[in-house]
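First up is the structure itself, then whatever we jot down about it.
A note on names: the letters A, B, ... follow the listed sequences, proteins ahead of strands, and every chain is numbered from 1.
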There are 2 protein chains.
Amino acid sequence: MNNEKLVKLDRIDRKILEELQRHGELSNQELSERVGLSPSPCSRRVKALEDAGIIVRRVTILDHKKLGLALTAIILIGMDRHTPERFEAFERQVGEYPEVQECYLITGQDADYMIKVVVPDMDHYHEFLLNKITRIQGVSGVHSSFVLRRVIDSTALPLGYL
Amino acid sequence: MNNEKLVKLDRIDRKILEELQRHGELSNQELSERVGLSPSPCSRRVKALEDAGIIVRRVTILDHKKLGLALTAIILIGMDRHTPERFEAFERQVGEYPEVQECYLITGQDADYMIKVVVPDMDHYHEFLLNKITRIQGVSGVHSSFVLRRVIDSTALPLGYL
DNA sequence: AAATAAAGCGCAATGTGCTTGCTAATTTTC
DNA sequence: GAAAATTAGCAAGCACATTGCGCTTTATTT
């Protein structure tokens, strides 16, 4: 549970992570075959990776189009004052909105936050922006971009550096 | 496998999706309890949601800091010419780089692509930008921002609109 | 409104896969 | 190079997922 430094990972651990990041549905049996291990040590390694906090959680990815959520927006947001109170209030408020999938505090003179928002269509986006984002105290500048095509949409980390 | 219109989803289906998008590790047994169903119909519903393509895939989320991947960058990229060949070449090339977690073709006059990149540190980022991104044919403008804090980092879709 | 058709739930049983203890082998350390 | 520690593999016990089936509930039709 601590945020301490890197745990030692051998080649098999990396293989396990590589497989699981892309195929979270894999049974332990199939995973063990792919990494060249028998089921029991494979299961133990996965558990160790979970306990070490390297494996954070498992999630299920849904199809937004099939759920009627066709519009994804990237919004760059600037704040009027860079005080902790402003930031805290913004972050607390943004956390209340399920439409916000990602929110990062970023560097750069153009914006303080970058958020990714998923909504059904442009009407809902407009409503979201006006009634939710621009209403938050301290939001001074907003610049919207819309996703035309998802070229890459992954959660996988590059494990080649380890 | 088709991209046809929305399948009808009742309240229980939505509950299942709501649980699974946040807790992909849930056993069918525990899921069934949470949505107020016995295991068998719950399993059948999940399978139906998979077959309908609403459940796309399961993934495992890893801890980047523990893996020594401390730097996340948001890069806005402009292209010199807006021709299909340019776009195709860029997208093909970017797909080769495991550091790129997301890549979206977006609207806006400032940029054509927004990509999210994960690397160990600033040195590696610099190298990545110079040797990989700016080398791609047609890349004319690049603007980098760096993630200072991950306020929200989720893959969950807002299911309240259904 | 009554009857029929359709869809979905729950129970039970079967089969598969996960997990834990233990022994042997491999790797690491001094 | 020897001892100690870590880790793989085997086997067994156990838990869970899944499939068939009868029944209830909902939807449809006349």
Side-chain angles (χ1 to χ4, degrees), chain A residues 1-2 4-63 66-68 155 159-162, chain B residues 1-2 4-63 66-68 155-156 159-160 162:
Chain A
M1 297 301 169
N2 59 27
E4 292 304 314
K5 276 276 82 114
L6 331 172
V7 191
K8 65 179 169 87
L9 300 174
D10 62 15
R11 195 171 60 260
I12 295 177
D13 287 322
R14 264 182 283 146
K15 247 179 172 175
I16 288 175
L17 295 176
E18 199 75 71
E19 289 294 332
L20 284 184
Q21 320 195 78
R22 299 205 149 72
H23 309 289
E25 79 284 353
L26 248 53
S27 70
N28 180 62
Q29 200 166 256
E30 198 169 328
L31 177 64
S32 69
E33 289 171 13
R34 293 196 185 191
V35 304
L37 233 57
S38 66
S40 34
C42 184
S43 171
R44 275 187 271 249
R45 276 172 183 263
V46 171
K47 190 176 182 307
L49 291 166
E50 287 170 348
D51 292 345
I54 293 173
I55 290 177
V56 178
R57 64 182 194 280
R58 318 289 190 110
V59 301
T60 303
I61 307 295
L62 309 180
D63 187 302
K66 292 224 171 86
L67 292 169
T155 55
L159 302 184
Y161 290 105
L162 309 189
Chain B
M1 295 302 170
N2 59 27
E4 291 303 313
K5 274 275 80 109
L6 331 171
V7 191
K8 65 179 168 83
L9 299 174
D10 62 13
R11 196 172 58 262
I12 296 178
D13 287 322
R14 264 182 283 144
K15 247 179 172 175
I16 289 175
L17 295 176
E18 200 75 72
E19 289 293 333
L20 284 184
Q21 43 172 14
R22 298 206 150 71
H23 309 288
E25 78 285 354
L26 249 53
S27 69
N28 180 63
Q29 199 165 258
E30 198 170 329
L31 177 63
S32 69
E33 289 171 14
R34 293 195 185 192
V35 303
L37 233 56
S38 66
S40 33
C42 184
S43 171
R44 275 187 271 250
R45 276 173 183 261
V46 171
K47 190 176 184 307
L49 290 166
E50 288 170 346
D51 292 345
I54 292 172
I55 290 178
V56 178
R57 65 183 194 280
R58 318 289 190 110
V59 300
T60 303
I61 307 295
L62 309 181
D63 187 302
K66 292 224 172 83
L67 292 170
T155 54
L159 302 182
L162 310 188

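- B/D10 places its CG atom 11 Å from the P atom of D/dA27, with the value rounded to the nearest Å.
- Counting heavy atoms from C-beta on, the side chains of A/T60 and A/L62 come closer than 4.5 Å.
- Summarising the geometry, atom OG belonging to B/S38 is positioned 11.0 Å from atom CD belonging to B/E33; distances are rounded to the nearest 0.5 Å.
- Side-chain contact between A/K66 and B/V56 is absent, with no heavy-atom pair separated by less than 4.5 Å.
- In summary, B/E19 and B/R14 do not engage in a salt bridge, as defined by a charged side-chain N under 4.0 Å from a carboxylate O.
- Contacts of A/R57 classified as side chain to side chain donor-acceptor pair (under 3.5 Å), with partners at least two apart in sequence or in another chain: none.
- Checking B/V46, B/V35, B/L9 one by one against B/L17, the side-chain contact (heavy atoms from CB on, under 4.5 Å) holds for a single residue, B/L9.
- Across the protein-nucleic acid pair, A/E25 atom CD and C/dC18 atom P stand 13 Å apart, rounded to whole Å.
- Using a 4.0 Å cut-off between charged side-chain N and carboxylate O, B/E50 and B/R58 make a salt bridge.
- Distance CG (B/L31) to P (C/dC9): 13 Å, rounded to an integer number of Å.
- Atoms CZ (A/R45) and C1' (C/dT20) sit 18 Å apart, rounded to a whole Å.
- Look at CD1 on B/I12: it is 11 Å from P on D/dT26, rounded to the nearest Å.
- A salt bridge links B/R45 with B/D10; the closest basic N to acidic carboxylate O contact falls under 4.0 Å.
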Protein proximity profile, nucleotides 16-21 of chain D - base contact B, sugar-phosphate-only contact S, no contact -, cut-off 4.0 Å on heavy atoms
SSSBB-

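- If one axis is set at each end of the helix from C/dA1-D/dT30 to C/dC30-D/dG1 from five pairs, those axes are 50° apart, to 10°.
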